[in-house]
Number of protein chains: 2
Amino acid sequence: MRRDIFQAIADPTRRSILTLIAVQAMTPNALAEHFDSSRQAVSKHLKILHECELVSQEQRGREVYYSLEIDKMKEIDAWLAPFRQIWEKRLDQLDALLINLKHEQHEK
Amino acid sequence: MRRDIFQAIADPTRRSILTLIAVQAMTPNALAEHFDSSRQAVSKHLKILHECELVSQEQRGREVYYSLEIDKMKEIDAWLAPFRQIWEKRLDQLDALLINLKHEQHEK
DNA sequence: TAAATTTGCAACCAATCGGTTTCAAATCAA
DNA sequence: TTGATTTGAAACCGATTGGTTGCAAATTTA
């Protein structure tokens, strides 16, 4: 199965799971309470998130605690970086424009 | 059709399209040359990207130039922001740890 | 030990996805 | 005007998705 992080975060339930476990590790049962779908559905989402290493498991008795692998999230940030440069550049250009405008007003 | 940016960037071809038109506006034909799939397939990807406002169109004669809507990309960044805080915080904690270690060594 | 709880897996299903081919409309060039 | 080019839409297709139910294994509790 071809899994990548972008496909993983495409689903809104999976994005919510990531947000929830960012605060603290949770079990599938505890997570399922936050959604309308069944525990098994949540379990399948967790499997996908685990396959692309966005979450890690810790077995504790018969319970399994899932926590966020924050380093993997950085890969999304890395893809976004060049685009961020574009809007930051445009912001810089706007700044330059405003400074120019100020100068012009000063010269009046 | 339920379109959102996260579903839009889930497909690798669509991510490539965004990267290509970030440099300069391009027509569907020009874009299609960069991929193995047909022009019509690329056109369908462009339709999806347009539906969720990640790209804009500019008709010029019989050609249509597609360009990136950089502001929409910020929405991905906005979703990522709280997670970024987590890894920056952890980096801060590591910094603090290293500073502590330095102090200890100094006291020796 | 027996019953209850927690979890993951398999089988199934309707809907969606990404691709194709075909076709029609609009614009440009000869 | 006629033919070529560019584009988008429609119909179709196999694969994938996200959901369900049922079941089995492992662990905890009574």
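Here is the naming used below: chain letters follow the sequence lines, and residue numbers restart at 1 for every chain. Note that the structure is a prediction, hence the values are computed from the model and not measured.
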**Prompt:** Which whole-number value in Å describes the distance from A/L49 CG to C/dT7 C1'?
**Reply:** 17 Å

**Request:** Could you tell me whether A/E75 and A/K72 make a salt bridge, using a distance below 4.0 angstrom between a side-chain N and a carboxylate O?
**Result:** yes

**Prompt:** For B/G61, does its backbone N or O pair with a side-chain atom of B/Q59 as donor and acceptor, under 3.5 Å?
**Reply:** yes

**Asked** Looking only at side-chain N and O atoms, does B/Y65 come under 4.0 Å of OP1 or OP2 in D/dT7?
**Response** no

**Request:** For residues A/H50 and A/V55, report the shortest heavy-atom separation together with the two atoms involved.
**Result:** ND1-O, 3.3 Å

Extract all donor-acceptor atom pairs below 3.5 Å that involve side chains of residues 21-32 of chain B and protein atoms in other chains or at least two apart in sequence.
unit_1	atom_1	unit_2	atom_2	d
B/T27	OG1	B/A30	N	3.2

**Request:** Enter the distance from A/Q40:CD to A/L46:CG here, rounded to the nearest 0.5 Å.
**Result:** 12.0 Å

**Item:** Protein-nucleotide distance (B/I48, atom CD1; C/dG18, atom P), rounded to Å
**Value:** 6 Å

**Asked** Can you tell me if the side-chain N/O atoms of A/S43 get under 4.0 Å from OP1 or OP2 in C/dT7?
**Response** no

**Request:** Please check the phosphate of C/dG19 (OP1 and OP2 only) for any side-chain N or O of B/H45 closer than 4.0 Å.
**Result:** yes

**Prompt:** Any ring-ring contact (aromatic ring centres under 6.0 Å, His included) pairs touching residues 5-34 of chain A, not counting sequence neighbours?
**Reply:** A/F6-A/W79

**Item:** Trace of the salt bridge (charged side-chain N to carboxylate O under 4.0 Å, His left out) decision for A/D77 with A/K74
**Value:** CA-CA 5 Å; A/D77 192 65; A/K74 290 185 193 175; over 6 Å; no

**Complete:** Whichever of A/S37 and A/Q59 has the more 5' nearest nucleotide on DNA chain D, that residue is A/S37

**Fill in**
Whole-Å distance, B/E51 CD to C/dG18 C1', equals 14 Å

**Asked** How close or far is atom C1' of C/dC9 from atom NE2 of A/H50, stated in whole angstroms?
**Response** 15 Å

**Asked** Separation of A/F6 atom CZ from C/dC17 atom P, in whole Å?
**Response** 19 Å

**Request:** Would you indicate, yes or no, if C/dT16 has its OP1 or OP2 atom less than 4.0 angstrom from a side-chain nitrogen or oxygen of B/Q7?
**Result:** no

**D/dG8 base / B/K44 side chain donor-acceptor hit below 3.5 Å** = no

**Fill in**
Between CZ of B/R3 and P of C/dA15 the distance, given in whole Å, is 17 Å

**Message:** Expected output is a numbered-order residue list: members of residues 19-36 of chain B with a heavy atom under 4.0 Å from any atom of DNA chain D. What is it?
**Reply:** B/T27, B/P28, B/N29

**Prompt:** In whole angstrom, what separates A/K47's NZ from D/dT20's P?
**Reply:** 17 Å

**Asked** Is the shortest side-chain N to carboxylate O distance from A/D92 to A/K89 below 4.0 Å?
**Response** no

**Fill in**
Walking DNA chain D from its 5' end, the first of A/A41 and B/Y66 to be reached, judged by nearest nucleotide, is B/Y66

**Prompt:** Can a salt bridge be assigned to the pair B/E63 and B/R60 using a cut-off of 4.0 Å between side-chain N and carboxylate O?
**Reply:** no

**Prompt:** Just checking, any donor-acceptor pair under 3.5 angstrom between side chains of B/E58 and B/Y65?
**Reply:** no

Close N/O contacts between protein and nucleotides 22-24 of chain D (under 3.5 Å):
unit_1	atom_1	unit_2	atom_2	d
D/dG22	O6	A/Q40	NE2	3.0

Heteroatom pairs (N/O) under 3.5 angstrom, protein to nucleotides 28-30 of chain C:
unit_1	atom_1	unit_2	atom_2	d
C/dC28	O4'	B/R62	NH1	3.4

**Message:** Any heavy-atom pair between the side chains of B/R39 and B/S43 that's under 4.5 Å?
**Reply:** yes

**Request:** Check the distance between D/dT17's C1' and B/D11's CG and give it to me in whole angstrom.
**Result:** 14 Å

**Message:** Applying salt bridge (charged side-chain N to carboxylate O under 4.0 Å, His left out) as the test, list every pair that has at least one member in residues 10-35 of chain A; sequence neighbours left out.
**Reply:** A/R15-B/D4

**Request:** Name the closest nucleotide to the B/Q57 side chain, picking from C/dG19, D/dG8, D/dT21.
**Result:** D/dG8

